[in-house]
Amino acid sequence: MIKTIATSVLATFIAGTAFAQEQSLLIKGIVKDDQGETLPYATITIHNPTDSIMISGVASQEDGSFELAVPAEQYLLQISFFGMDSKWMRLSQSAGTIELGTVKLETGGGDRLNDVVVVGYRDQMSLHIDKRVYNVGSDLSAQGGNATDMLQNIPSVSVDPEGNVSLRGSQAVRILIDGKISGFASSADALQQLQSDMIERVEIITNASARYEAEGEAGIINIILKKNVKRGFNGTATVRGGFYPDDGLGINANYRKNKLNLYGSANYNYRRVVGRSSTHQRLENADTAFIYEQGYKHVRKKNSVSVNAGMDYSIDTKNSLSFSLGYRQGLGRNEYDRSYDNSRINGDFVSRDERFEDQTEKENMIEATLGYSRKFNREGAEWKTSARWMHDKDFEDSDYDEYSSIAPDYIIERSNAHITQQLVLLQSDFIWPIKTTARLEAGVRAQVRDFDNKFGYSRLVNEDWVANPRYNDRFNYEEQVYAAYLQGGNTYGKLGMQMGLRAEYSEVYTRQYSQAGDNSRSYLNFFPSLSLSYQQNKQQTYQLSYSRRIRRPGQWDLMPFMKFGDNRTMRVGNPNLDPELTDSYEAGMLNTWVKGSLLS
């Protein structure tokens, strides 16, 4: 009986599917430029052949591919991309599936129009199989700001007054630039120097697939920078002004001819940030009981310059090289004022302490990236390999003055924290399409990071500076991560599926120079991932995903001594900490309308 019912249901489903296919037209293809580069977000529109009225449209995916289903009829098809000549074609069949293959657009001035005609637009947010994509160019409120300002506009992302980024309430998030670790995203200050007009889109990956590194419990924020595809020389200049102030200017330029593309940008920024907070603390133990009220305010001023330059060179139609060089420099002057009103547990006032800090901050970062890519005869097959090197210095020097209402003398102190980071990253990825909608991916990755931390502290006693060994030390942290992954995905009509497995072997070495011996730890972990996406219609997309994530203890978690700043707020790490593993399950829905969208 069950078998008979199942057979009947299956037969009905097959018949319904066949009927639907007879009554509809499915159009597939890939859009590329005249150099063979794929064109993401090209506009594909369907028109009535009689009066050319637009009936439907879609934007190409990140790999240039598109798929558009319409009722069975005769149509005109237009494919267009800004700065390139549009291509029109009359479709030869009215039902079934049309495989257009590769459609190449020529660089030119575009269509000659007497009036401005909008044939398509890019949604501000779209939902893909394993990520959400936020298109910066579609958000006018993001123009003129920096990466930190832009991130505040993205649902589920928040930024605190210090510029620290959180994803769904957690700061355990990995921020990448073009899919890789970068000095332009290494800190809150670094993100504030990356201007939003340099950013094309932002990928929010709350449940990362096996393609991405497993670090970051809350997920990954991947910032994709712009690359100009127009020929000849073109550029933009911007001047920014903001309250507090937040002022700056920037220049972006690009030159593209034949096989060579040169690009560069330079930005200057001055920021002044003011912040305040207050804290009430009450402690009642058998041997200790007190109350204190803390007031805190800061004024942070910073001048910063960032420069980025690079080139892309097409050796031939299948092989290409790329190189980029980035530099960032910052000089900050920060003032911190902390006050403490101390009381007994019954509320009787005891004393008032006030502590002033005058801090100078200097940072320099340089990074270089070399990349090679090869395309194969099979459409969409590609091998990409890159090497990245980064050297980053961050020096902080502070002077302290502290007084108490019950002490006759001032306390005068000074401290310094000099941190140097070096990074070497090697990565190779291979993509092999199995058919039009399915593809297989594999890759390997090696990453070595080294932090060298030098801390110093001394107090003025009479006329001599006396150092406390507890706060004078040197700490070295080295992390090596070697990874490999395999991932496959396919699309079945409206349903998209992707699954993969990633393996990561980690080695961590720490050394405290005042102590004998080093501390080392190593571990091997496996990270499976699964993502499902269902696009019910143009307005509604559903997503279901699972992934395993890791959070390795960083240098501040492992450092077994204190960086001196305020003797009421101290932090000590533990060199024996193990990594934290998370199994993450997520379900989501995106509703898109003409004037807005809702992400659940």
Side-chain angles (χ1 to χ4, degrees), residues 38 40-41 61-63 122-139 142 146-159 165-168 170-188 190-191 194-196 198-227 308 322 324 326 367 369 371 384 386 388 390 423 425 427 429 431 441 443 445 447 481 483 485 487 489 498 500 502 527 529 531 533 543 545 547 549-551 584 586 588 590 599:
T38 57
Y41 307 110
Q61 300 295 316
E62 295 171 32
D63 59 358
R122 205 187 311 181
D123 290 335
Q124 184 172 315
M125 180 167 290
S126 57
L127 199 62
H128 297 246
I129 292 180
D130 61 343
K131 60 192 172 188
R132 304 196 308 272
V133 177
Y134 173 80
N135 295 302
V136 179
S138 301
D139 185 3
N146 55 46
T148 302
D149 301 325
M150 178 268 302
L151 289 173
Q152 295 184 50
N153 297 333
I154 301 179
S156 73
V157 178
S158 58
V159 183
V165 178
S166 299
L167 179 59
R168 298 192 300 186
S170 172
Q171 291 189 10
V173 55
R174 175 73 83 187
I175 300 178
L176 306 176
I177 302 291
D178 290 332
K180 302 176 180 65
I181 292 178
S182 172
F184 286 94
S186 59
S187 65
L191 279 175
L194 183 63
Q195 299 307 312
S196 59
M198 298 171 60
I199 301 172
E200 178 181 334
R201 65 184 187 276
V202 179
E203 298 175 348
I204 307 298
I205 309 164
T206 50
N207 250 359
S209 67
R211 179 193 305 119
Y212 300 95
E213 60 175 324
E215 179 76 20
E217 281 184 342
I220 295 172
I221 298 176
N222 186 23
I223 299 174
I224 307 297
L225 302 183
K226 291 179 179 177
K227 280 195 175 182
N308 189 50
S322 64
S324 65
E367 66 177 352
T369 303
K384 292 182 178 181
S386 64
R388 175 168 294 203
M390 181 182 72
L423 167 73
L425 174 62
Q427 184 169 338
D429 300 278
I431 302 173
E441 299 179 50
R445 174 188 173 101
Q447 174 184 299
V481 180
Y485 76 90
Q487 177 174 283
Q498 181 175 274
R502 185 181 187 91
F527 303 95
S529 65
S531 297
S533 177
Q543 189 182 65
S545 61
S547 72
R549 312 291 298 155
I550 189 172
R551 185 183 181 187
S584 178
E586 180 176 308
L590 179 65
L599 176 69

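To the nearest 0.5 Å, atom CD1 of residue Ile205 and atom OG of residue Ser547 are 10.5 Å apart. Atom CG in Leu176 sits 9.0 Å away from atom CD1 in Ile223 (nearest 0.5 Å). Rounding to the nearest 0.5 angstrom, the gap separating the CG atom in Asp178 from the OG atom in Ser324 is 8.5 Å. For the atom pair Gln171 CD and Ser166 OG, the distance stands at 4.0 Å (nearest 0.5 Å). Note: Arg388 CZ to Leu425 CG = 7.0 Å, rounded to the nearest 0.5 Å. We find the CG-OG1 distance between Asp63 and Thr38 to be 6.5 Å, quoted to the nearest 0.5 Å.
Tested against Asn222, the residues Arg201, Arg174, Glu203 include a single side chain to side chain donor-acceptor pair (under 3.5 Å) partner, Glu203.
Side-chain contact check for Gln487 and Ser209: at least one donor-acceptor pair (N or O, by modelled atom type) lies under 3.5 Å. Between the side chains of Ser584 and Arg549, not a single donor N or O lies within less than 3.5 Å of an accepting N or O. Between the side chains of Asp429 and Tyr485, at least one donor N or O sits under 3.5 Å from an acceptor N or O.
The side-chain heavy atoms of Tyr134 and Met150, taken from C-beta on, include a pair separated by under 4.5 Å. Two residues are said to be in side-chain contact when any heavy atoms from C-beta on lie closer than 4.5 Å; Glu213 and Arg502 meet this criterion. Ile199 is not listed as a side-chain neighbour of Ile224, based on a closest heavy-atom distance of 4.5 Å or more. Between Val133 and Val202 there is no side-chain heavy-atom pair separated by less than 4.5 Å. With a 4.5 Å cut-off on side-chain heavy atoms, Ile220 and Val173 do not count as touching. Residues Arg132 and Thr206 meet the side-chain proximity criterion, which asks for heavy atoms closer than 4.5 Å.
Between the Asn207 side chain and the Ser545 main chain, a donor and an acceptor come within less than 3.5 Å of each other. In this structure, the side chain of Ser156 does not engage the main chain of Leu167 through any donor-acceptor pair within 3.5 Å.
Taking the charged nitrogens against the carboxylate oxygens, Glu215 and Arg551 have no contact shorter than 4.0 Å, which rules out a salt bridge.
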Kindly indicate, with the supporting measurements, whether the criterion side chain to side chain contact (heavy atoms under 4.5 Å, CB included) is fulfilled by Glu200 and Tyr41. CA-CA 11 Å; Glu200 178 181 334; Tyr41 307 110; 4.1 Å; yes
